[in-house]
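The next block holds one structure in the form of structure tokens; read it before the comments.
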Protein chains: 2
Amino acid sequence: MSLRYAVLGLLARRPSTGYELTQTFDRSLRTSWHARHSQIYPELAKLEDADLVEVVGHGARRSKTYAITDAGRAELRQWLVEAEPDRSQRSESGLRLFLTPLLDPADRQATYQRDLVHVDQELASLQEVRAEVRAAPEPEAFAPQVELGIRINTVLRDWLREQLQASAGGPGHD
Amino acid sequence: MSLRYAVLGLLARRPSTGYELTQTFDRSLRTSWHARHSQIYPELAKLEDADLVEVVGHGARRSKTYAITDAGRAELRQWLVEAEPDRSQRSESGLRLFLTPLLDPADRQATYQRDLVHVDQELASLQEVRAEVRAAPEPEAFAPQVELGIRINTVLRDWLREQLQASAGGPGHD
DNA sequence: AATCGACCTGTCAATACATACATGTTCAGG
DNA sequence: CCTGAACATGTATGTATTGACAGGTCGATT
């Protein structure tokens with residue numbers, strides 16, 4: 001049911017078209033709940049059927065702008081506050097990190113290096129977002145979430161650097 | 001395809017029965033790649049068909065012990081080193097954290113509090129694992145991974161504490 | 001000897017999700 | 001006027017995953 005609440009949550013921030021939602025899933029939600037447009041459009045239709053969202057406008061290229069309804073807000077709040085969270089996760093990157101010790105030192109170093117490049121990019125993009133948020137006239141409610149993303153990626157970056165340094169001396173360094 | 005490599009990876013660490021794999025998925029892989037036994041048993045059968053794993057023993061209660069084959073090891077290495085990682089993730093907890101700013105301060109505090117309890121438990125259990133790893137006679141290849149888990153959960157714990165303190169003064173505290 | 005709980009392996013039906021297919025629209029540049 | 005790229009929305013087919021069902025096994029306790 002997470003997809004449903006992800007969509008509801010994004011529409012609670014601002015009314016959007018399916019296309020805009022798809023972009024937000026790609027940009028902001030890819031690290032927490034990934035979804036493709038082929039899932040988003042049918043989900044919007046289901047949510048509309050259930051009166052949790054409604055079409056509030058038609059734009060160019062047949063686009064429809066959806067907004068969350070009061071019922072939708074209530075449903076979202078209920079899920080966030082009252083439903084027991086499912087703490088399980090699916091992260092291919094996490095799985096790879098978990099299994100990396102199985103590789104021999106050269107392969108291991110190569111994969112850590114690849115991850116480090118990615119984390120650096122991630123950090124750069126999050127720092128840009130933070131700068132934008134700080135430059136905004138009004139305080140942004142999502143600023144702490146951006147900060148958390150930066151902190152987690154920083155920990156990851158430092159850990160990857162340590163692993164690379166530790167094996168840099170060679171497997172039988174002593 | 002991640003499930004396949006998760007199973008292969010666990011069998012690369014040591015031969016196991018389906019039941020043992022299920023337990024490991026629950027204990028260690030729940031935060032990176034979650035799977036139920038109803039997926040694991042059929043996957044083992046498929047892997048055996050493909051000669052990537054083999055049955056190396058029969059135990060009590062009809063249990064079969066599987067081990068990874070040389071072909072399986074090659075397949076696993078190839079995936080870890082050469083396949084382009086899919087960086088997208090699915091984490092209900094992450095989604096909840098992302099959406100929490102939508103809640104009013106009282107609800108928000110309640111959910112952060114709930115998360116804090118969980119993170120504390122997670123940390124305690126990871127610190128136990130670390131202690132075991134340190135007490136082991138031989139150096140444990142997976143020790144850095146445990147350390148990373150501790151660091152990430154520590155960052156999360158500190159961040160949650162900050163959020164709780166920030167809103168403790170009340171929404172219009174100044 | 002009966003019973004209970006943990007052990008252990010499977011299957012099935014329904015839902016979630018990915019990939020590919022399919023179609024039409026607006027705008028900018030040549 | 002033509003063309004290509006980005007915009008925008010959908011559907012179809014196959015695979016992945018869940019939750020429920022199902023049944024057999026072993027050991028300990030009574």
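Scope of the values below: all heavy atoms of this structure, side chains included, with no hydrogens, waters or symmetry mates. Reminder, nothing fancy here: chain letters follow the sequence lines and each chain counts from 1. Worth saying up front: this structure is predicted, and the values here are computed from it rather than measured.
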Practice task
Could you check which of dG10(C), dA16(C), dT9(D) has an atom nearest any side-chain atom of H37(A)?
Solution key: dT9(D)
Completion exercise
From CD of Q23(B) across to C1' of dC8(C) the rounded distance in Å is 10 Å
Exercise for the section: Return yes when atom CZ of R14(B) has more than 12 non-hydrogen atoms of other residues, nucleotides or ligands closer than 6.0 Å, and no otherwise. Expected result: no
Practice task
Figure out the CD/P separation between E92(B) and dT17(D), and round it to whole Å.
Solution key: 17 Å
Fill in the blank from the handout: What one should report as the nearest heavy-atom pair of W79(B) and L95(A) is CH2-CD2, 3.9 Å
Exercise for the section: Figure out the CG/C1' separation between D86(A) and dA16(C), and round it to whole Å. Expected result: 14 Å
Completion exercise
Between L103(B) and T111(B), the two heavy atoms sitting closest are CD1-CG2, 3.9 Å
Problem - Whole-Å gap separating P (dC7(C)) and NZ (K64(B)) - result: 20 Å
Exercise for the section: Report the residue (S2(A) or G59(A)) whose heavy-atom-nearest nucleotide on DNA chain C is the more 5′ of the two. Expected result: S2(A)
Practice task
Look up atom CD in E92(B) and atom CH2 in W33(A), then write down how far apart they are to the nearest 0.5 Å.
Solution key: 6.5 Å
Completion exercise
On DNA chain C, more 5' by nearest nucleotide between R62(A) and A35(A) is A35(A)
Fill in the blank from the handout: To the nearest angstrom, the CD-P distance between E20(B) and dC8(C) comes to 7 Å
Problem - Nucleotide of dA18(C), dG24(D), dT11(D) approaching P42(A) most closely (side-chain heavy atoms) - result: dT11(D)
Practice task
Indicate, yes or no, whether a donor-acceptor pair under 3.5 Å links the base of dT19(C) to the side chain of S38(A).
Solution key: yes
Completion exercise
note: R36(B), atom CZ; dA14(C), atom P; distance rounded to Å ~ 19 Å
Completion exercise
Regarding the side chain of R61(B), the nearest nucleotide among dT25(D), dT9(C), dT26(C) is dT25(D)
Problem - Options dC17(C), dG24(D), dT9(D), nucleotide nearest the side-chain atoms of L3(A) - result: dC17(C)
Exercise for the section: Classify the nucleic acid contact of H34(A) as base, sugar-phosphate or nothing, counting any heavy atom under 4.0 Å across all strands shown. Expected result: sugar-phosphate
Exercise for the section: Scan R90(B) against the nucleic acid and name what it touches under 4.0 Å (heavy atoms): base, sugar-phosphate only, or nothing. Expected result: sugar-phosphate
Practice task
Give the ring-plane orientation class for F142(A) versus F98(B), where under 30° counts as parallel, over 60° as perpendicular and anything between as tilted.
Solution key: tilted
Exercise for the section: Return no unless some side-chain N or O of Y19(B) is found under 4.0 Å from OP1 or OP2 of dT9(C). Expected result: no
Problem - For atom CD of Q39(B) and atom P of dT9(C), their distance in whole Å - result: 17 Å
Completion exercise
To the nearest angstrom, the NZ-P distance between K46(A) and dT11(D) comes to 12 Å
